[in-house]
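Below, chains carry the letters A, B, ... as their sequence lines are ordered, and counting in each starts from 1.
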Protein chains: 2
Amino acid sequence: MSKESVSIGLSAAIVSVEGEHPSVLVVAHDAVEDALPFGPFDPAQQRTLESGLRKWVGEQTRFDLGYTEQLYTFGDKGRHASAAGTRVVSVGYLALTRQGKEAPETQWRGWYHYFPWEDWRDSKPLMIESAILPALKKFVKDAPNSETAEQRRERVNVCFGEGWDEERVLERYELLYEAGLVEEFWRDSGKPNKGGLGTAMLYDHRRILATAIARLRGKLKYRPVVFELMAPTFTLLELQRAVEALAGLRLHKQNFRRLVAEQGLVEGTGKFSAPARGRPAELFRFRREVLRERPAPGVRLGVRRSKAS
Amino acid sequence: MSKESVSIGLSAAIVSVEGEHPSVLVVAHDAVEDALPFGPFDPAQQRTLESGLRKWVGEQTRFDLGYTEQLYTFGDKGRHASAAGTRVVSVGYLALTRQGKEAPETQWRGWYHYFPWEDWRDSKPLMIESAILPALKKFVKDAPNSETAEQRRERVNVCFGEGWDEERVLERYELLYEAGLVEEFWRDSGKPNKGGLGTAMLYDHRRILATAIARLRGKLKYRPVVFELMAPTFTLLELQRAVEALAGLRLHKQNFRRLVAEQGLVEGTGKFSAPARGRPAELFRFRREVLRERPAPGVRLGVRRSKAS
DNA sequence: ACAATAATACTCATTTCGAGTATATATGTG
DNA sequence: CACATATATACTCGAAATGAGTATTATTGT
């Protein structure tokens, strides 16, 4: 049928949180750009895609992946390898772990290096008003016709306008890409140009990472995934800081505890932390049982629980 | 590296709702089993996976896909083709449309043919108590050791126990598969055996459909996707019936309207339906604008909206 | 003793949700 | 035409969830 052949690339966004810093594991495949651990899928050796991923993520990073989740399969021409001949379709994964025991050629890097506009914990990032919005305004203005201009205006508004939706990480990255505000855009179109927003990554790895962050921010709200990133015991503030780090938002302390407590997500250990200052906080542990308990967390569609209508 | 080569298969679960019946478009690739429209990805011709899908779903079914969404990429050995030589990795898509203009070799079939245990609109399907649970009890009992028995017990409980979570469609199908209660399991293991639960499909197509239903049922709750399936104007009851058909649950009528109205999802047209009996209902249309308005629908994590903590 | 800091408890108004009742507008029947 | 039946739509009400605080308690450092 075609001369071009396909190969499948597996990439993993391996995420951890240390204190207030969400990080992703990057490897030095290439001296120039940061890369996610990745490699080809070998159908002869591997029964499933995930086992393929685990196997050589293990080799490359010495990591034993715990929680993993498939994110998305990207196959756009020109956004992966510029290597001629075979087309790479890349399947991205999200993995959650705790730090420790990684290989020497790997490195944890804060994910907001790649997405500085996504961290709203202290305040709305200044670059949005100073750099992003003016450039996007230009992008709208440069539209070839008024219809695309209108579409662009809408996208800009959804992504960076009133009402920050912390989950739209991928949408925002894609908009910045198309508007030529990230380095990858210029690299992919063959006109390298340093100095886009945030730190660039190899191939489409920043896109995969954006997908990972978006998915994780969404999932946080309805599945107890944060605990994969926590130590066996932790204080409620540590838990809150981890969630805040991931969501890129500040939470209301008292209400956060209420929520966590009411949902039965944690149980006290009776032990206490020894903080530098202030009252010691109780150490909690995750109640693994909840995974079996709560059926549907938020149903939001007026479901009826009785008989007649 | 390996002798086996990979090819990428694209499959689409094309969904529509007619009245109270959610359906999926099946084609007669094979006289024996129902199949989703599918075919190989041609990297030489196609720039993106989705354009590949659109192109020849168009050829095969004469359909112009509207809303589409990538679901998942399956690569398990033995669950796609038994054809030797090349390994097929299949990328599944969900597409939403309205009926009309499909090709002659295709057919709309109610999706509950494939998943009869998923329709709880009238009552809890009897087969759960009469057939599924007894068989799963046996599956638990037949576990090789007490640890897997415990894991199986938990899975059975999450999938079919107290508290029906209508989104766990895939989890339930996979459990039934592993327990040998669906025909595909026996076919894939080389011991064909008619008479599993529900209607079987070609390859892993029932798994893809399960993923599609699960995704759609989830998305329903936080994105206005139902409207892709509705006529340009509709009554609120028609809308409710469509949602119920997809979710496999009954909703509370008055609260459903309140929700829809409050969220500004629809606007009245001033026209009215002419029903056989009863008071005529106003015809509504979807307010496309909401796509740009509401930022994050359900945040559920105690987000702070003021200044200090 | 007391300032500073953090943990934890408790309050309160508002909104959302589930479940109903009440009323309005059709049709068909005697 | 009165009225049974069917549906649409409006409104009520209590319970729970949510957002935003204030109050109190337990520490350390001075």
Side-chain angles (χ1 to χ4, degrees), chain A residues 19-20 163-164 221-222 233-241 243-244 247 249-284 294-309, chain B residues 19-20 163-164 221-222 233-241 243-244 247 249-284 294-309:
Chain A
E20 308 235 17
W164 182 252
K221 289 168 196 147
Y222 60 94
T233 68
F234 45 82
T235 70
L236 293 179
L237 187 58
E238 284 165 356
L239 182 64
Q240 183 181 340
R241 292 289 178 245
V243 173
E244 289 175 339
L249 293 173
R250 287 288 168 206
L251 306 177
H252 184 283
K253 187 167 171 174
Q254 297 90 325
N255 292 347
F256 178 79
R257 339 179 104 244
R258 179 174 62 188
L259 226 103
V260 168
E262 271 172 2
Q263 296 190 136
L265 291 173
V266 298
E267 61 190 357
T269 61
K271 293 182 185 164
F272 289 81
S273 70
R277 323 177 280 280
R279 175 172 168 178
E282 186 167 6
L283 291 167
F284 290 80
R294 47 212 313 259
V299 178
R300 286 241 185 279
L301 253 183
V303 178
R304 209 182 51 199
R305 282 164 192 176
S306 66
K307 49 277 118 105
S309 67
Chain B
E20 307 235 18
W164 182 253
K221 290 169 195 147
Y222 59 94
T233 69
F234 45 82
T235 69
L236 293 180
L237 187 59
E238 285 165 355
L239 182 65
Q240 182 182 342
R241 293 288 178 245
V243 173
E244 289 175 338
L249 292 174
R250 288 287 168 206
L251 305 178
H252 183 285
K253 186 167 173 175
Q254 296 90 327
N255 292 346
F256 178 79
R257 340 177 106 243
R258 177 174 63 187
L259 225 104
V260 167
E262 270 172 4
Q263 296 190 137
L265 291 174
V266 298
E267 59 190 357
T269 60
K271 294 182 184 165
F272 288 81
S273 68
R277 322 178 283 279
R279 175 173 167 179
E282 186 167 6
L283 291 167
F284 289 81
R294 49 212 311 261
V299 177
R300 287 241 184 277
L301 253 181
V303 178
R304 210 181 49 201
R305 281 165 191 175
S306 66
K307 51 276 122 98
S309 65

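Across the protein-nucleic acid pair, B/L251 atom CG and C/dG18 atom P stand 10 Å apart, rounded to whole Å. Between the CZ atom of B/R258 and the P atom of D/dC13 there is a distance of 14 Å, rounded to whole Å. A/F256 has its CZ atom 16 Å from the C1' atom of C/dA6, to the nearest Å. Atom CZ in B/F272 sits about 12 Å away from atom C1' in C/dA26, given to the nearest Å. The CG atom of B/N255 sits 16 Å away from the P atom of D/dA16 (whole-angstrom rounding). Residue B/Q263 contributes atom CD, which lies 16 Å from atom P of C/dT15 at whole-angstrom precision. In this structure, A/H252 atom NE2 and C/dT11 atom P are separated by 16 Å, rounded to whole Å. Distance A/R257 CZ to C/dA6 C1': 10 Å, rounded to the nearest Å.
Annotation: salt bridge (charged side-chain N to carboxylate O under 4.0 Å, His left out) contacts involving residues 267-283 of chain A, sequence neighbours excluded, comprise A/E267-A/R285.
Nearest nucleotide to the side chain of B/L237, out of C/dC17, C/dT21, D/dA8: D/dA8. Taking every side-chain heavy atom of A/A281 into account, C/dT8 is the closest of C/dT8, C/dA19, D/dA20. In this structure, the nucleotide among D/dT18, C/dA19, D/dG21 sitting nearest to the side chain of A/Q254 is D/dG21.
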Exercise. List the protein contact pattern of nucleotides 24-30 of chain D with one symbol per nucleotide (5' to 3'): B for base contact, S for sugar-phosphate-only contact, - for none; contact means a heavy-atom distance under 4.0 Å.
Key: -BBBS--
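No engagement by B/E262 is indicated, since no non-hydrogen atom pair under 4.0 Å with the nucleic acid exists.
Under the 4.5 Å side-chain criterion, counting only non-hydrogen atoms from C-beta, A/F284 is in contact with A/L236.
Just one residue in the list B/T233, B/L237, B/L239 forms a side chain to side chain contact (heavy atoms under 4.5 Å, CB included) with B/T235, and that residue is B/L237.
In this model, the phosphate group of C/dT8 is not approached by any side-chain N or O of A/K253 to a distance below 4.0 Å at OP1 or OP2.
Taking every heavy atom of both residues into account, B/H252 and B/Q254 meet most closely at CE1-OE1, 3.0 Å.
For A/Q240, the side chain to side chain donor-acceptor pair (under 3.5 Å) test picks out A/E244, with sequence neighbours left out. By the side chain to side chain donor-acceptor pair (under 3.5 Å) test, A/E20 pairs with no residue at all, sequence neighbours left out. In this structure, the side chain to side chain donor-acceptor pair (under 3.5 Å) partners of A/R258, at least two apart in sequence or on a different chain, are A/N255.
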